[in-house]
Amino acid sequence: MSDAVCDSLWRATAPAGPKLTPLTGSQDVSVVIVGGGFTGLSAALHLARLGVSVAVVEAQEIGFGGSGRNVGLANAGVWLEPDQLDRALGPEAGRVMYDALAAAPDYVYGLIDEYKIECEAVRHGTLHAGVGKAGLAQLQRRYEQMRKRGAPVELLGAAEAQLRIGSNKFNSALFDPRAGTIQPLAYARGLAHAAIKEGAKLYDYSPVDSILPCENGWQVKTNQGEIRAEKVILATNAYSEHGVRVQARKFVPIFYSQLATKPLNDEQLAKILPNKEGVWDTCTVMSSFRMDKQGRLVFGGMGGEGRVLSNWATQRVTEIFPVLDKVEWDYCWTGKIAYSEDHLPHCQQLQQGLYSVAGYSGRGIGPGTVMGKELAEWFVGQRDSLSVPTTLLRNIPLRELKRMFYEVGAHTYHYGQKAHALD
């Protein structure tokens, strides 16, 4: 999947991105960014706004990787529970990261408004849906920890959760009104338009061949051109195939697949997510679902098993939503999530002037946008540090085995759930 253009629902419905060309020739800028996703585009936009000359080189098309294949939930915070975040980083650093990313949806929707980005932006909150006793206990912990930190979240009981979701399969839900949904590829393309408007240079279909130190900085070479810069930002996250493959060893890639139905009818739309929140559940092998602007149900799950996943998704969706007596899929696509060992995003200073930002664990929209902004401010001296750790990560031992563990576990779950339903 990493070498093919993703014919997803998002690609079929997103407004056109800017018309770009591959990098040719030689040029000099202050900062060059490798990767045209949320982080790279946000960094380019904010650097350009601060008067810094900046260029982005993307190996494929803008939003090709995880940004354009995203579920589209603009969530607040990180994957870990707040207390786990404090234990991982210490209370002071944990609170800094928590506060910065708790406000991420405000910043995302503010940029959407400022640059009039057409990306189906809906800010009706998200629902973290509880499954079983363990799921309810998890949501109770999250609720207490988030309320202690001032988050305006609500813990919904079974009746309210089932009404809001349109299903009796959940015993609770944690509602976060700060969050919402967007069309992720449209948002990425909108950030690209905004970055160009502010003066950034963007190049597509320009895979990086090498990144080498040179006088006064770095030389980034592609197959047709080169850029010299004082600083380089590697913003490829789980898509590090081109020129920065060494960084891929520091994260475990997890496949996540999504399917989109044909537009639902009025009766179905009145019952399924009538308020248009985005949802993900507490299952170990997580699922997500949301509506798009055309009234399609977009359903996702961990793993990339093709037909097994499609069959399981059909079974699971009809179980969750009995009003869908027949499920017809219009689109199916797969992307990759980058998990770090501690499930936190990191900015690594690999060498003087060479930085790598990755590890969003499936939450790239808010953190990616905020990290791009913070990097720009850090580079020009407007801030002393970033909200995420800047420690140098080690290569993950047995990385391929861990990736296979996740993939086989998801496959077994999907196949087992389908087989159980047929008993």
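Note that these values count all heavy atoms, side chains included, but never hydrogens, waters or copies made by symmetry. Fair warning: this is a prediction, and the values are worked out from it, not measured in the lab.
Residues satisfying the salt bridge (Lys or Arg N to Asp or Glu O under 4.0 Å) test with Glu377, not counting sequence neighbours, are Lys373, Arg383. Scored by the ring-ring contact (aromatic ring centres under 6.0 Å, His included) test, Phe299 finds Trp312 as partners (sequence neighbours excluded). Annotation: side chain to side chain contact (heavy atoms under 4.5 Å, CB included) contacts of Gln294 (sequence neighbours excluded): Thr13, Glu120, Asp292, Arg296. Every salt bridge (Lys or Arg N to Asp or Glu O under 4.0 Å) that Glu267 has, sequence neighbours left out, goes to Lys271. Scanning for side chain to side chain contact (heavy atoms under 4.5 Å, CB included) contacts around Gln84 gives Leu80, Glu81, Arg87, with sequence neighbours left out. With sequence neighbours excluded, the residues that form a salt bridge (Lys or Arg N to Asp or Glu O under 4.0 Å) with Glu114 are Arg49. Checked against side-chain hydrogen bond (donor to acceptor under 3.5 Å, both in side chains), Thr126 has the following partners two or more places apart in sequence or in another chain: Asn75. In terms of the salt bridge (Lys or Arg N to Asp or Glu O under 4.0 Å) criterion, residue partners of Asp99 (sequence neighbours excluded) are, by chain and number, Arg95.
Taken to the nearest 0.5 Å, the OH atom of Tyr360 stands 11.5 Å off from the NE2 atom of His346. With values rounded to the nearest 0.5 angstrom, Ile272 atom CD1 is found 9.5 Å from Phe289 atom CZ. Remark: Met146 CE to Asp176 CG distance equals 5.0 Å, nearest 0.5 Å. The distance from atom CG of Leu174 to atom CZ of Arg142, rounded to the nearest 0.5 Å, is 8.0 Å. Note that CG of Leu386 is 5.5 Å distant from CD of Glu374, once rounded to the nearest 0.5 Å. For the atom pair Cys332 SG and Leu9 CG, the distance stands at 11.5 Å (nearest 0.5 Å).
For the pair Ser387 and Val370, the minimum side-chain heavy-atom distance is 4.5 Å or more. Between Arg69 and Thr334, every side-chain heavy-atom pair lies at or beyond the 4.5 Å cut-off. Considering only heavy atoms from C-beta on, Val71 stays 4.5 Å or farther from Val298 through its side chain. For the pair Ser385 and Thr390, the minimum side-chain heavy-atom distance is 4.5 Å or more. By the 4.5 Å heavy-atom criterion applied to side chains, Ser206 and Tyr203 are counted as neighbours. Within the 4.5 Å cutoff, no side-chain heavy atoms of Val220 are placed close to those of Leu23. Side-chain contact between Leu375 and Val31 is absent, with no heavy-atom pair separated by less than 4.5 Å. Looking at heavy atoms from C-beta onward, Leu324 lies in side-chain contact with Leu264 at the 4.5 angstrom threshold.
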Exercise answer: donor-acceptor pairs, residues 148-160 side-chain atoms, under 3.5 Å, sequence neighbours excluded:
| unit_1 | atom_1 | unit_2 | atom_2 | d |
| --- | --- | --- | --- | --- |
| Arg149 | NH1 | Asp83 | OD1 | 3.3 |
| Arg149 | NH1 | Gln145 | O | 2.9 |
| Arg149 | NH2 | Asp83 | OD1 | 2.8 |
| Arg149 | NH2 | Asp86 | OD2 | 2.7 |
| Glu160 | OE2 | Arg164 | NH1 | 3.1 |

All N/O donor-acceptor pairs, side-chain side in residues 52-59, below 3.5 Å, sequence neighbours left out:
| unit_1 | atom_1 | unit_2 | atom_2 | d |
| --- | --- | --- | --- | --- |
| Ser53 | OG | Ser30 | N | 2.9 |
| Ser53 | OG | Ser30 | OG | 3.2 |
| Glu58 | OE1 | Gly36 | N | 2.7 |
| Glu58 | OE2 | Gln60 | N | 2.9 |

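When all heavy atoms are compared, the tightest approach of Ala192 to Leu202 is CB-CD2, 3.6 Å. Of all heavy-atom pairs spanning Ile112 and Cys119, the tightest one is CD1-SG, 3.6 Å. Of all non-hydrogen atoms in Gly68 and Ser8, the two that sit nearest each other are O-OG, 4.2 Å. Across all non-hydrogen atoms, the minimal contact from Val279 to Ala129 is CG1-CB, 3.9 Å. Across every non-hydrogen atom of Asn237 and Gly359, the tightest pair is OD1-N, 2.9 Å.
Inspection of the Glu144 and Gln140 side chains reveals no N or O donor paired with an N or O acceptor under 3.5 Å. For Glu198 and Tyr115, the side-chain atoms include at least one donor-acceptor pair closer than 3.5 Å.
No donor-acceptor pair closer than 3.5 Å links the side chain of Arg189 to the backbone N or O of Glu118. The main-chain N or O of Leu185 is found under 3.5 Å from a side-chain atom of Gln183 such that the two form a donor-acceptor pair. Panel note: side chain Thr261, backbone Leu297; a donor-acceptor pair is recorded below 3.5 Å.
The stretch residues 122-144 participates, sequence neighbours left out, in these ring pair (Phe, Tyr, Trp, His ring centres under 6.0 Å) pairs: His128-Trp280. Within the structure, ring pair (Phe, Tyr, Trp, His ring centres under 6.0 Å) contacts touching residues 178-197 (residues at least two apart or in different chains) are Phe38-Tyr187.
Taking the ring axis of Phe321 as reference, the NZ or CZ atom of Arg316 does not stay both within 45° of it and closer than 6.0 Å to the ring centre.
Between Tyr355 and Phe379, the ring planes lie tilted relative to each other; the angle falls in the 30° to 60° range.
Counting non-hydrogen atoms of other residues, nucleotides and ligands closer than 6.0 Å to NZ of Lys231 gives a total above 12. Remark: Asp266 CG is loosely packed, at most 12 non-hydrogen atoms of other residues, nucleotides or ligands lying under 6.0 Å away. Within 6.0 Å of the CD atom in Gln162, the count of heavy atoms belonging to other residues, nucleotides or ligands exceeds 12.
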